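Report on the structure given below.
These figures come from a predicted structure and were not determined experimentally. Lettering of chains follows the sequences in order, A, B, ..., and the numbering in each one begins at 1.
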Amino acid sequence: MPDPVRLTFPDGRSLEVPAGTTVADCLVRWDPARAAAALAGSWDGRALDLASPVPGSGHLAPLSFDDRAGREILQHSSAHLVAKALTEAIPGALPTHGPPTEEGFFYDFEVRPLTPEDLDQVRSGMRRSVAAREPFRRKEVSRAEAERLFAGNPHKLRYIREAPADEAISYYETGAFIDLCRGPHVPDTGWLQGVHLLGFSAITPEAGSGAPPLQRIRGVGFPTEAGLREYLKLRSEAEARDHRTLGQKLELIAFFDEAPGFPALLPKGITVVRELERFVREHLKDAGYAEIRTPLMWAQSVYETSGHWSHYRENMFLTEADDRMWGWKPMNCPGSMLIFKSRARSYRELPLRYAEFAPLHRYEPSGTLHGLTRVREFVQDDAHLFVTEAQIEPEIKKLLAWIARAFSTFRLQWSYELSTRPAEFLGEREAWDRAEATLERILRETGIEYRVSPGEGAFYGPKIDIHVRDSLGRPWQLGTIQLDYQIPARFELKYQGPDGTLHTPIVIHRVILGSFERFLGVLLEHTGGRLPPWLAPVQLRILPVTEQQAEAARGLEEELLADGVRVERTGTEESLSKRVRSAEIERIPYVVVIGEKEVAQNGTSVRIRGTKESLALSRAELRQRLRDKIGSRAFEP
RNA sequence: GCCACUGUAGCUCAGCGGCAGAGCGGCUGAUUCGUAAUCAGCAGGUCGGGGGUUCAAAUCCCUCCAGUGGCUCCA
């Protein structure tokens, strides 16, 4: 009889159990309630099946769906379930891998192109399996045995060959289906009540790999059907916030088949964008920027100098004139560089900050276009800062402060990502290392939490990106701060230093809101179309109850127009209820009803968006409230 | 760009080989109304474009365009 093992648990209690006791039994002896919610166990940080014996003394914790690790186990088990059902439905289909993702899971197969009917079959196969509560049985085998078992599947053979030599090869058996897998898994398929397939798509194989295209089935799993229902409800609510639908319903934007990816801004849309621009320009003025406007097109030679010709040409709209090639600018940097170069510069001018809000054109692949968030023509709140080495840090710190202020104004949650040298890059590795180290140090010193994305930097420098999520949880990059030692040198930019010699400035490329188009899209989803009063295309609508109050309504309208409020007034052909409803649907922040009573008291009855009751305010009080809310760029009316 | 799916009135959608429909919106008229839909009438369509099959095509096939979901890429 081997020695008993001693286990400690999350609440600090410890327990002695005979060696070989299963994880499940240990957890039950510790806390039956918490054991019941466990999908698997974590022993000294290693995830284990509930049916596995504890390997020895150590710390044991349950993993439930509420833990990230537990959630991933359930997703991964769901992926196995999909693979089982699909290989049963389509004999000869080769499973490759099926990892958990942030949202759920996917499983990739080498198989003929799938059809919606295949998916139905997979669904019913999964239902049968769940009802049968088939156990996930773990088996450990030798490499040779594993290669024999998976001889028909080159993908699995590759994984076996690639597995670290010291690692045991394990596979899981679910009914007649076996899958090479490290595990762990939920105990049986009965735990996968809430599995839902999201769709299927083809996977583009890595260019030049010669690999066959794969078919991916995506899904998401929940421990209960109720959990799934909750998720589906949230998802359909999120779909109602889709900026493409809202943008159309609120008459902000339009798209044309004849110009895919080129969003048109309707009168209301341009109103919002102008307000956003005003917000940004006010800051630029305070922060010492100068605004410039440079050509939308440049001849090829400019892009050869900047590096875009060799690194970005596939993404540019090109045209020919005067016997040479021209490119619509995909970024503002070449113009800023040439303006800097247009005369001799002194160190006294630095930091020199040039802002430019010009339309940019990028030839994005047709399949990647998406509403306002991925387009081919857009305007950024762009600027280029020409700085000395010593000015990098204070300038970037100022930018980080502006980011925090700007995004807080919209109550957006944002996150930072540091992207480092890509495979294709300009310049010397040493310069890159230095630039990356600088950005990293600034982030650390500022106490900012950030993720690192290796190899995701721009071709000319590393960057700090700002990401926010849309209503469906899709992350979008908005702002970016890019440190560039390359392009200024390529343009041979010089300034005269205090020592009398010429130096090359460093350039910080930066956008904060990203593009106004994408920002509007994200903002619409974030607010469900209920834009803050300062951004609302129509800020206030006056509804006279009957024709008797038309005159008073006109008077109020004039007063508010004089205050600069974007105000509208309705006729009385439609019922008051109908007009209130329309205003509500249009997400107008303030709806003012003028009836007999209001006229008698020279007052207003104000319905504030998001509330059902109306507020009796004098005209002066109403004007004051509008001044406060709009002037301070308050988020709520 | 790749794979799959979708495209019918301004919008949301039904119709899926045999006479192009509904609701909302629009217009006209009546109603003058107190905080989310007053009533009636009318107009509005080469069924995404082109080609084919068929006695007959919105419907079946081919192709192009656009959109959607993924992949790749990206502000």
Might you list the N or O atoms of the protein lying below 3.5 Å from N or O atoms in nucleotides 29-32 of chain B, with each pair's distance?
| unit_1 | atom_1 | unit_2 | atom_2 | d |
| --- | --- | --- | --- | --- |
| B/U32 | O2 | A/E547 | N | 3.4 |
| B/U32 | O2 | A/T572 | OG1 | 3.4 |
| B/U32 | N3 | A/T572 | OG1 | 3.2 |

Nucleotide N/O to protein N/O under 3.5 Å, stretch nucleotides 72-74 of chain B:
| unit_1 | atom_1 | unit_2 | atom_2 | d |
| --- | --- | --- | --- | --- |
| B/C73 | O2 | A/R374 | NH1 | 2.5 |
| B/C73 | O2 | A/R374 | NH2 | 2.5 |
| B/C73 | N3 | A/R374 | NH1 | 3.1 |

N/O-N/O pairs, protein side and nucleotides 45-48 of chain B side, under 3.5 Å:
none

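Atom P of B/G10 sits at a distance of 12 Å from the matching atom of B/G48, rounded to the whole Å. For the P atoms, the distance from B/C73 to B/C61 is 35 Å, rounded to whole Å. Between B/A4 and B/A9, the two P atoms lie 26 Å apart (nearest whole Å). Nucleotides B/C13 and B/U68, compared at atom P, are 14 Å apart to the nearest Å. B/U12 sits 11 Å from B/G25 when the C1' atoms are compared, rounded to a whole Å. Annotation: B/U59 and B/A20 have their C1' atoms spaced 12 Å apart (nearest Å). A distance of about 7 Å separates the C1' atoms of B/G21 and B/A14, rounded to the whole Å. Here, B/U28 and B/A43 have their C1' atoms 10 Å apart, quoted to the whole Å.
Rounded to whole Å, atom P of B/G10 lies 17 Å from atom NZ of A/K249. Summarising the geometry, the separation between CZ on A/F109 and C1' on B/C71 is reported as 16 Å, rounded to the nearest angstrom. One interatomic measurement links the two molecules: CD1 of A/I542 to P of B/G34, which rounds to 19 Å at whole-angstrom precision. Atom CZ of A/F256 and atom P of B/G67 are 13 Å apart (whole Å). Taking atom NE2 on A/H509 and atom P on B/A75, their separation rounds to 12 Å, with Å as the unit. Per the geometry, CZ belonging to A/R376 stands 7 Å off P belonging to B/G1, to the nearest Å. Between the CD atom of A/Q215 and the P atom of B/C2 there is a distance of 15 Å, given to the nearest Å. Between the P atom of B/A75 and the CD atom of A/Q380 lies a distance of 8 Å, rounded to the nearest Å.
When the ring pair (Phe, Tyr, Trp, His ring centres under 6.0 Å) test is applied to A/F200, no partner is found at least two apart in sequence or on another chain. Partners of A/R566 under the salt bridge (charged side-chain N to carboxylate O under 4.0 Å, His left out) rule, at least two apart in sequence or in another chain, are A/E275. Evaluation of the side chain to side chain donor-acceptor pair (under 3.5 Å) rule for A/T245 yields no partner, not counting sequence neighbours. Applying the salt bridge (charged side-chain N to carboxylate O under 4.0 Å, His left out) test to A/E456 and every residue at least two apart in sequence or in another chain returns nothing. The side chain to side chain contact (heavy atoms under 4.5 Å, CB included) test applied to A/V565 returns A/Q539, A/L540, A/L560, A/D563, A/V567, A/L626, not counting sequence neighbours. Every salt bridge (charged side-chain N to carboxylate O under 4.0 Å, His left out) that A/E72 has, sequence neighbours left out, goes to A/R68. Listed by chain and number, the residues in a ring pair (Phe, Tyr, Trp, His ring centres under 6.0 Å) with A/F222 are A/F65, A/Y231 (sequence neighbours excluded).
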### Task
Evaluate the criterion side-chain hydrogen bond (donor to acceptor under 3.5 Å, both in side chains) for residue pair A/E417 and A/S453; output intermediate values, then yes/no.
CA-CA 7 Å; A/E417 188 174 294; A/S453 267; 2.7 Å; yes

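If you check every strand for non-hydrogen atoms under 4.0 Å, A/K597 touches a base. Across all strands shown, A/V375 has heavy atoms under 4.0 Å from base atoms, whether or not it also approaches the sugar-phosphate. Among the protein residues, A/L369 comes within range of the sugar-phosphate backbone only, with heavy atoms under 4.0 Å from sugar or phosphate atoms but none that close to a base. Contacts of A/E598 with the nucleic acid, taken as non-hydrogen atoms under 4.0 Å apart, include base atoms. Within the nucleic acid shown, A/Q248 comes within 4.0 Å of sugar-phosphate atoms alone, with no base atom in reach, counting heavy atoms only. Within 4.0 Å (heavy atoms only), A/G199 reaches no atom of the nucleic acid at all.
Residue pairs satisfying the side-chain hydrogen bond (donor to acceptor under 3.5 Å, both in side chains) criterion with at least one member in residues 506-523 of chain A, sequence neighbours excluded, are listed as follows: A/Y289-A/R510, A/H384-A/H509, A/D484-A/H509. Applying the side-chain hydrogen bond (donor to acceptor under 3.5 Å, both in side chains) test to every pair with at least one member in residues 583-592 of chain A, sequence neighbours left out, gives these pairs: A/R541-A/E586, A/E584-A/R607.
Between A/H370 and B/G70 there is no side-chain N or O to OP1 or OP2 distance below 4.0 Å. A close approach under 4.0 Å does occur between a side-chain nitrogen or oxygen of A/R244 and OP1 or OP2 of B/U68. Between A/S515 and B/A75, a side-chain N or O to OP1/OP2 separation shorter than 4.0 Å is absent.
Using a cutoff of 4.0 Å between basic side-chain nitrogens and carboxylate oxygens, A/E436 and A/R421 are not scored as salt-bridged. Salt-bridge formation is not detected for the pair A/K249/A/D242: no Lys NZ or Arg NE/NH1/NH2 atom is positioned less than 4.0 Å from an Asp or Glu carboxylate oxygen.
Checking B/U35, B/G67, B/A4 against the side-chain heavy atoms of A/V593 singles out B/U35 as nearest. For A/K578, taking side-chain heavy atoms from C-beta onward, the closest of the listed nucleotides B/G70, B/A37, B/G1 is B/A37.
A/H361 pairs with exactly one of A/Y312, A/W328, A/W298 by the ring pair (Phe, Tyr, Trp, His ring centres under 6.0 Å) rule, that one being A/W328.
Judged by Watson-Crick or G-U wobble contacts below 3.5 Å, the nucleotide B/G18 has B/C55 as its partner. Judged by Watson-Crick or G-U wobble contacts below 3.5 Å, the nucleotide B/G69 has B/C3 as its partner. The partner of B/G23 is B/C11, by the rule that a Watson-Crick or G-U pair needs both atom distances under 3.5 Å. Pairing partner, B/A30: B/U38, with both Watson-Crick or wobble hydrogen-bond distances short of 3.5 Å.
Taking the 5.5 Å centre cut-off and the 30° plane limit, the aromatic side chain of A/F378 is classed as stacked on B/A75.
For A/Y107 and A/F105, the gap between ring centers reaches or exceeds 6.0 Å. The aromatic ring centres of A/F459 and A/F425 sit 6.0 Å or more apart.
In terms of position on RNA chain B, the residue among A/E584 and A/L513 whose nearest nucleotide sits closer to the 5' end is A/E584. For A/I466 and A/S614, each mapped to the nucleotide of RNA chain B holding its nearest heavy atom, the one lying further toward the 5' end belongs to A/S614.
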